[in-house]
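I have placed the structure first, in the form of structure tokens, so that the comments after it can refer back to it.
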Amino acid sequence: MKKPVADQQAVPTAPVCQTASNKPSCKPVIFVPVDRSPEIQEARLKLPILAEEQVIMEAINENPIVVICGETGSGKTTQVPQFLYEAGYTSSNGIIGITEPRRVAAVSMSQRVAKEMNLSHRVVSYQIRYEGNVTDETQIKFMTDGVLLKEIQKDFLLSKYKVVIIDEAHERSMYTDILIGLLSRIVPLREKVRMPLKLIVMSATLRVEDFTENNRLFSVTPPVIQVDARQFPVTVHFNKKTPLDDYSGECFRKVCKIHRMLPSGGILVFLTGQAEVHSLCRRLRKAFPFQKNNIDDDKEESVEEIRKFKKSRKRKKTTALPQIDLDNYSVVPVDEGDEDRDAETDDDIAGSDVDLDLGDGDSEEDSSLPLYVLPLYSLLAPEKQAKVFRPPPPGTRLCVVATNVAETSLTIPGIKYVVDCGKVKKRFYDKITGVSSFRVTWISQASANQRAGRAGRTEPGHCYRLYSSAVFMDFEKFSAPEITNRPVEDLILQMKALNIEKVINFPFPTPPPAEALAAAEELLIALGALKELKEQQAAKLSCPISPLGRVMATFPVAPRYAKMLALSKQHDCLPYTITIVSAMTVRELFEEFDRPAVSEEETAKLKGKKARLLQIQKIWAGQGALQKLGDLMVMLGAVGACEYAGCTPKFCEENGLRYKAMLEVRRLRGQLTTAVNSACADTGLYVDPKMKPPTEAQATYLRQIVLAGLGDHLARRVQAEELLDEKWKNAYKTALLDDPVFIHPSSVLFKQLPEFVVYQEIVETTKLYMRGVSAVEPEWIPALLPPYCHFGKPLENPPPSYCPETGRIRCHRPSVFYRVSWQLPAVEVDYPEGIDRYKYFARFLLEGEVIEKLGSYKRCLLSSPLIMLKTWSKLQPRTEALLQALVAEKCDNRDALLDAWKKNPKCKCFADRRGKPRPARPTPSRRQRAPPARSRPKRAAGRAPTGAGRGRIRSQRGGFRPPK
DNA sequence: GAGCACTGC
């Protein structure tokens, strides 16, 4: 040990060795001892990264930014934080932060490192969205990337961190990319204030040029350190031919071959979706029956079944144990795939499908060992997912049929064979309209290699690629970074909240497409989150955040939803909006019952469950005014009912709800409630598990709130007279799309077909379908969505009027919806700016509407105040004098007039010399606790409220605030 | 009248 810790804690940043540039080095001179158990010490020494400790630490000591490349299994995630800790980077109250792209990783890594270091979780801790165990003593903190991004909002310099490690940077998740961009600026800023911060970017692949060779990101190229992985060799076999369509069938044949011919070891199959996974499971179970497989997954462990199984094992003792020696296999290294040689190999071992009479396996039972077939995909219930981590029943071979979850998120033990169809199902977004669709595409080479790697975790393995090496060579080297193919409005709002106005200048490792940036900025302006700059094109993409935007940015949900929350203080809607927003944010609340079943029995069961869900959804949708809230009411009803019942797995199971989703909704409601409470102290909000359904009036307000957030997602039913083509039957038109869109058949409004609706999203399948639909009244549109409406001249009838609450001139204006020019009902709005507004103001002033006292002079006036509006009024000097005085003082409303008087009591604007003017304000007796008129609901006779808030939250002014 | 991979605040 070098020096006692205590001595050094006061001066941990004292330079020990001068770097070439003579910059202050932040190399701490401490060695902090760690008390590891002998077993852990032994296991650690086997990790290749241990040998690189000195190289890594020297690089970190001498450079502010270091890139470490090491594949899965190199131990970089668990060991680098320990190196830093031992080198004293956490002394003097600085902590080490490590970001992970997934919650489970943050939690499990913190636990593992705590165990390895023999330290309490009070010292090695984690923080994820809803929970954490961070304390004052925390020195190593694992967190999800989004958590660190939020922390930057509170403390731009991240002053409590000595080191930030961005793990899994090769995955190029959106937050990781942004974090790296931000940290590239934070590191030099910290250098300036002489509190150096170390940034370590860790990647599993060598694709780091986006980071290292991007001068705008890092002006000095950071050193890249490579670390070997402790992986077993995986032999890759390419197919000679690439099946055009039926990769699923090809998977089936390959699994059959492997199972019949090759020694024991688990098989992992990569497919693209739930339906494929289930149908392959079904075929495989039929081909290699294992009694329980075929019936019900849940009964698997019953004593009876195990007894049966043992019996069958005895019976099959002599059959088809693999006789092939794997060592005789001609190996084909990963990068030298030769399809001909490979095909030979295949034939040597397994012969062709024809020789073996593999058929499609549906016809006959096979005599091989039972195959223990399990499906695996993200939306599968956790307890069913968990099965893949347990050893398969004795005497069986494990075969997991998975989607892409198994590529990065979940690691299955005991896999020796990987079957890779080479495809992935991806979500695509239209950059301008935001319409999304799912398409099956080829994976990238990096992805294929990652999949292959899953075969070599515990022993040497094999990967069977169901495509030729030529096809593989045509794959993209890497998948596109997430930020380039997703809407970015949430990201842009976060950046603007950090006062990054010119987002185009941000050092993105890879920038999003310009169209996506423009669409995001446009949406945020329409939501009122950004201040619109009227100046030329140059102002594009550099609008500053508005006070409303700042409030919205504190809500951890999509900007459209954040806007809804910001509006919902009115009429006690917040608990409902929070619930609806939570439900819309959590994906797939409802169980999917349309998948192919394993057995006839299961088919019937699924059918029953589906019918039950449809029935209960109708109940949740409610009646009358509630029903018009549509699918959002169903979500609200589902969450309400579930929480009322205590959110039990049983209730979820019986009512077609995904338990995991409901738990997530519960936690999100908690988080949003806290966020709303801190944005606005006087709400006194709490999460009520026994929340009552909204009243009819509240449901109507909720529809208006939803409209205000989803204004760009408005659709109008195609009118009978516009029906030129059959394809437009029951169709809707939207502002941005030329093609017809339809209400999704699963929507409770599917048969109602309201004239106007808003939708949560449009997904393109066989048609363009709107999902998450809610009905809208036409008169709300101009009142709540002025940015999307073009207004016409004020109407003469009803005539303009003076509003005593706001002191402004009001009028009715007709309008049309942008781009599509839908005629909208005339609505009452503030009179548009201009000379006419002064004229009306003068008239109402003379009539005594503005200042009560002046009313008494009305009869003394020489002519009627109405002449203020006549075109010939100019001819009358006294009216013209008044008008000019008002214009000169910019007085076209009461507040301006009162201000002008205050500043200059002799102001010519009709000064009242006998005393202070008294504005004609409504007295409490006339209107109890009247809300501000702009957010005041209006009631049409005999109907629920029809107009509601544009209520803009008032808070402090925005503007650039440099980091402290 | 339907078919959606995977994540993070």
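Worth knowing before you read on, the calculation uses all heavy atoms, side chains too, and leaves out hydrogens, waters and symmetry mates. A quick note: this is a predicted structure, and the numbers were derived from the prediction, not measured.
Here Lys150(A) does not reach the OP1 or OP2 of dC9(B): none of its side-chain N or O atoms lies under 4.0 Å away. When the side-chain nitrogen and oxygen atoms of Arg103(A) are compared with OP1 and OP2 of dC9(B), one or more of them lie within a distance under 4.0 Å. For the pair Thr408(A) and dC6(B), the criterion of a side-chain N or O lying under 4.0 Å from OP1 or OP2 is not met. Within the structure, every side-chain polar atom (N or O) of Thr176(A) is placed at least 4.0 Å from both OP1 and OP2 of dG8(B). Put simply, Tyr175(A) has no side-chain N or O that comes within less than 4.0 Å of OP1 or OP2 on dT7(B). Close to dC9(B), at under 4.0 Å from its OP1 or OP2, lies no side-chain N or O of Gln671(A). OP1 or OP2 of dT7(B) sits under 4.0 Å from a side-chain N or O of Arg587(A). At dA2(B), none of the side-chain N or O atoms of Ser746(A) fall inside 4.0 Å of OP1 or OP2 (strictly under the cut-off).
Take the nearest nucleotide of DNA chain B for Phe438(A) and for Glu100(A): the residue whose nucleotide is more 5' is Phe438(A). A residue-by-residue look at Glu761(A) and Phe750(A) shows that Phe750(A) has its nearest nucleotide of DNA chain B further toward the 5' end.
A perpendicular orientation is assigned to the rings of His744(A) and Tyr769(A), their planes being inclined by more than 60° (bins at 30° and 60°).
Asp739(A) has no carboxylate O lying under 4.0 Å from a charged side-chain N of Lys767(A), or vice versa, which leaves the two without a salt bridge. Between Lys141(A) and Glu151(A) a salt bridge is recorded (basic side-chain N to carboxylate O distance below 4.0 Å). Salt bridge absent: Arg658(A) and Glu664(A) never bring a charged side-chain N and a carboxylate O closer than 4.0 Å.
Separating the CG atom of Leu271(A) from the P atom of dG3(B) is a distance of 20 Å, rounded to the nearest angstrom. The nearest whole Å value for the distance from the CD atom in Glu482(A) to the C1' atom in dT7(B) is 7 Å. Regarding Asp177(A), its CG atom lies at a distance of 16 Å from the P atom of dG8(B), rounded to whole Å. Taking atom CG of residue Asn730(A) and atom P of nucleotide dA2(B), one finds them 12 Å apart after rounding to whole Å. Atoms NZ (Lys610(A)) and P (dG3(B)) sit 11 Å apart, rounded to a whole Å. Gln153(A) places its CD atom 9 Å from the C1' atom of dC9(B), with the value rounded to the nearest Å. Summarising the geometry, the separation between CG on Asp490(A) and P on dG8(B) is reported as 15 Å, rounded to the nearest angstrom. Between the P atom of dC6(B) and the CD atom of Glu276(A) lies a distance of 12 Å, rounded to the nearest Å.
Among the protein residues, Thr144(A) comes within range of the sugar-phosphate backbone only, with heavy atoms under 4.0 Å from sugar or phosphate atoms but none that close to a base. Within 4.0 Å of Arg102(A), counting heavy atoms only, lie sugar-phosphate atoms of the nucleic acid but no base atom. As judged by a 4.0 angstrom heavy-atom cut-off over every strand, Tyr769(A) is placed among residues touching the sugar-phosphate backbone only.
Between Tyr467(A) and Tyr247(A), the distance from one ring center to the other does not fall under 6.0 angstrom. Residues Tyr377(A) and His278(A) place their aromatic rings such that the two centres sit under 6.0 Å apart.
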